Amino acid sequence: MNPSLPPRDLATINLFKRRTVLIWMILALSMIGLIVRLVFLQVVTSSDLLEKARRQQMFTLRPFIPRRTITDRKGAVLALDRPVYTLFAHPHLYKEKPEAIAEKLAPILRRPADKLLSILNRDTTSTQVEYWLSEENADRIFNLRLDGLDLVQQRHRLYPQQDLAAELLGYVNVDHRGQAGIELSQEKLLERTDQAPAVTQDGSGKLIPNRIPAGMLQTDRTSLQMTIDSRIQRTARQILKQQMVKFGAKRGSVIVMDARDGGLLTLVTEPTYDPNRYYESDVKLFKNWAVSDLYEPGSTFKPLNVAIALEAGAIQPDTVFNDEGALTIGGWPVANFDYEQVGAVGSLSISQILERSSNVGMVHIVQRMKPSVYYGWLERIGLGDISGIDLPSETPSTLKPQEQFLEYVIEPATASFGQGFSLTPIQMAQLHGILASGGKLLTPHVVKGLINEEGEEYYQPKLATPRQVISPATAQRVVEMMTNVVEKGTGLPARIPGYRIAGKTGTAQKASTTGGGYANAKITSFVGIFPAKEPRYVVLAVIDEPVGDDAFGSTVAAPIVKTVIEDIIVSEGIPPSHPEEVISKIPILAEPTVSPSPSPQDPKPSPSASPSNSPSAEPTPSRDRP
């Protein structure tokens, strides 16, 4: 310090030095703070900041991802998803008067402007104006550029064929979840695997082209294909409705199964519902009764009993029995349906027992087997089990306990003509599939698999391996006997000139819902195997509680099966196996100048085959169930 300077100047210099040091200290501390902060940001919290930046720059596209389309075996669409929109209004955001908005919306929504105005003027922050708007109408509303309106995209399941296959398809609820049919049982197959892609955007929200992930535009375009044939399904439903109206029936079902693999070409139940408007239908209709409800099959089970007896070695194809017309088994009366008119029938071959649908003859056949052996065969063919169909809520068939079956002689007797046990229509079709497939127990199914846009198979569900339960020779012999049922027995109404159909009628008393016997009602059925030589299809019709003295399997159900088979013949282009019968039906022109004579009618059953006094009327046991 210079001593010559005045004290005031020395104080000023010292103050300046202190300020300078203080400034440098502040600057140094600031630099140190900045360095610490940079280290903290770049090292300690860098991962968190990077994640925040990515969240700001990236967003997830949520495109419309539809549920898989469902088609029939020929590609006809049965169910598909389509985008729909719900229109919401937010009154506090209006920039135009509600009256003006209502006037602009009215022609698009096709609703009166005054009705829309009452909605738009509601004292609320948000109100729903319209739902299930099509894309076209949603675009028209969007182009109006009206503040205060909001369009929310949703998925809507559409069933373009309406009630054609409702019992198979089911429906989806408001949450787009399956509630019945394959919409429920095949939920995993119907939900697509598309994932919402993440994309990068710049500061203004625009997509950065080179940051769009590869394969973003590649989506799952597969659809679920069913084994169902829409044409045959429609024919079956139409003829089923006609017969139900004609005979005042409670309900009915028609099933067509492919005897090669168990695929169902048709499964119809009536009454049914429109899955597009499921909320207007009785909830009882959502249950597919052909899969979930049990019934006693009656005489349609007789061919299976014949097959069991042949396979067990209890009878031979040429075995003859004496049909007394009526028997007493364990104190219970069993009689043929026509016993009061015909009395004792006399000697009958196995084929004639089926032709006449003789209860007494069937009892004699089953009595050739030990009850334990017979019971074992019933279990072997699947009674007491389920068919394994890929539809929800299947009910297993019922068979009485073995102890009861062996103790009471009436049990095997009643089982011989299809009563005393219960099964579902789908299992009845499966059991006749044993005869049609050469002795194999097939798994009925309606799902063929997933196919891509080119129609190529993408995925196929794995089915249980068919189990051989009877020999092909036995199956063929029984089918030949069933052919005689249609050619000259109770199944004559199902006969088609030029073709051979194996079949069996059935008319059974319905078990009482309160137990202890049978109700004053019946269930009629007919099962057909077509063609009789090298079978391809099993066709079953079951009609519940038809009304009338002429309501039998031959009069109610057989015409349904005949109509369905005729449609299969046309649809598949199946040529006649006996063309001479078809030619004989063609009218002959005598001379060119003479008007052609009318074509002769199909031969009618002889009086001995009429419902009132012959085998065309199906048997019911003349007893109460024990």
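Note that the numbering runs from 1 along the sequence shown for the chain. Here the structure is a predicted model, which is why all the values come from computation and not from measurement.
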Apply side chain to side chain contact (heavy atoms under 4.5 Å, CB included) to residues Thr300 and Phe526 and explain how you reach the verdict. CA-CA 7 Å; Thr300 51; Phe526 183 86; 5.8 Å; no
Would Leu267 and Glu167 satisfy side chain to side chain contact (heavy atoms under 4.5 Å, CB included), going step by step from the backbone distance to the final call? CA-CA 8 Å; Leu267 196 162; Glu167 55 277 274; 4.2 Å; yes
Please walk me through it: do Lys74 and Ser571 pass side chain to side chain contact (heavy atoms under 4.5 Å, CB included)? CA-CA 12 Å; Lys74 295 182 179 178; Ser571 177; 3.4 Å; yes
Using the salt bridge (Lys or Arg N to Asp or Glu O under 4.0 Å) rule, take Arg73 and Glu572 through it: C-alpha gap first, then chi angles, then the decisive distance, then the call. CA-CA 13 Å; Arg73 66 175 185 149; Glu572 300 297 316; 2.6 Å; yes
Taking it one step at a time, do Ile543 and Ile523 satisfy side chain to side chain contact (heavy atoms under 4.5 Å, CB included)? CA-CA 6 Å; Ile543 313 299; Ile523 188 164; over 6 Å; no
ring-ring contact (aromatic ring centres under 6.0 Å, His included), that's the test. Do Tyr273 and Phe286 meet it? Break it down for me. CA-CA 8 Å; Tyr273 65 99; Phe286 301 153; 4.9 Å; yes
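Residues Ile569 and Phe530 meet the side-chain proximity criterion, which asks for heavy atoms closer than 4.5 Å. Residues Lys287 and Leu285 form no side-chain contact, since every pair of their non-hydrogen atoms from C-beta on lies 4.5 Å or further apart. Taking the side chain as every heavy atom from C-beta outward, Met428 and Tyr295 approach each other to under 4.5 Å. Two residues are said to be in side-chain contact when any heavy atoms from C-beta on lie closer than 4.5 Å; Thr71 and Leu224 fail this criterion. The closest side-chain heavy-atom distance from Met226 to Leu265 is not below 4.5 Å. Contact check for Leu120 versus Val129: side-chain heavy atoms found under the 4.5 Å cut-off. Using a 4.5 Å heavy-atom threshold, the side chains of Val254 and Val564 count as touching. Leu109 places none of its side-chain heavy atoms less than 4.5 Å from the side chain of Asn137.
Heavy atoms only, all atoms of each residue included: Ala166 and Thr272 are closest at CB-OG1, 3.6 Å. Shown here for Pro444 and Gln430, the closest heavy-atom pair between the two residues is CD-NE2, 3.6 Å. What you find for Ala290 and Ser253 is that their closest heavy atoms are CB-OG, 3.4 Å. Closest approach of Ala76 to Ser230, counting heavy atoms only: CB-OG, 4.1 Å. Residues Ala236 and Thr266 approach most closely at CB-CG2, 3.7 Å, considering heavy atoms. When all heavy atoms of Asp81 and Arg155 are compared, the closest pair comes out as OD2-CD, 3.7 Å.
We find the OG1-CD1 distance between Thr235 and Ile565 to be 12.5 Å, quoted to the nearest 0.5 Å. Tyr94 OH to His92 NE2: the interatomic distance, rounded to the nearest 0.5 Å, is 10.0 Å. Rounded to the nearest 0.5 Å, atoms CD1 (Ile560) and CE (Met244) are 9.0 Å apart. Going from atom CD of Glu566 over to atom CD1 of Ile239 covers 9.5 Å, rounded to the nearest 0.5 Å. Rounded to the nearest 0.5 angstrom, Leu146 CG and Leu105 CG are separated by 6.5 Å. Atom CG of Leu29 sits about 6.0 Å away from atom CE of Met25, to the nearest 0.5 Å.
Using a distance-only test at 3.5 Å, with no hydrogens or angles considered, no donor-acceptor pair links the side chain of Thr227 to the main chain of Gly263. In this structure a side-chain-to-backbone donor-acceptor pair under 3.5 Å is present from Gln233 to Leu164. Side-chain atoms of Asn276 never come within 3.5 Å of backbone atoms of Leu158 as a donor-acceptor pair (strictly under, hydrogens ignored). A distance-only check finds no donor-acceptor pair linking the side chain of Gln460 to the backbone of Gly449 [under 3.5 Å].
Ion pairing between a basic and an acidic side chain is recognised when a charged N comes within 4.0 Å of a carboxylate O; Asp258 and Arg260 show such pairing. Under 4.0 Å is where a charged nitrogen must lie from a carboxylate oxygen, and between Asp72 and Arg231 no such pair does. For the pair Glu183 and Arg67, the salt-bridge criterion is met [side-chain N within less than 4.0 Å of a carboxylate O]. Salt bridge present: Glu96 and Lys104 bring a charged side-chain N and a carboxylate O closer than 4.0 Å. Ion pairing between Glu130 and Arg111 holds under the 4.0 Å rule for side-chain N and carboxylate O. Checked for salt-bridge contact, Glu191 and Arg68 miss the test: no charged N lies under 4.0 Å from a carboxylate O. Salt-bridge annotation for Glu545 and Lys510: present, with a side-chain N of the basic residue lying under 4.0 Å from a carboxylate O of the acidic one.
The environment of CD in Glu280 is crowded: more than 12 heavy-atom neighbours from other residues, nucleotides or ligands sit within 6.0 Å. Within 6.0 Å of NZ in Lys115 there are 12 or fewer heavy atoms belonging to other residues, nucleotides or ligands.
Remark: the Thr269 side chain and the Arg251 side chain contain no N/O donor-acceptor pair separated by less than 3.5 Å. There is no side-chain donor-acceptor pair under 3.5 Å between Glu296 and Ser422. Residues Thr424 and Glu394 bring no donor and acceptor atom of their side chains to less than 3.5 Å of each other. Residues Gln161 and Arg234 bring a donor and an acceptor atom of their side chains to less than 3.5 Å of each other.
Between Phe88 and His90, the angle of the ring planes stays under 30°, which puts this pair in the parallel group of the 30/60° scheme.
A ring-centre distance under 6.0 Å is not found for Tyr171 and Tyr159.
Judged by a 6.0 Å distance limit and a 45° cone about the ring axis, Lys522 is positioned over the six-membered ring of Phe552.
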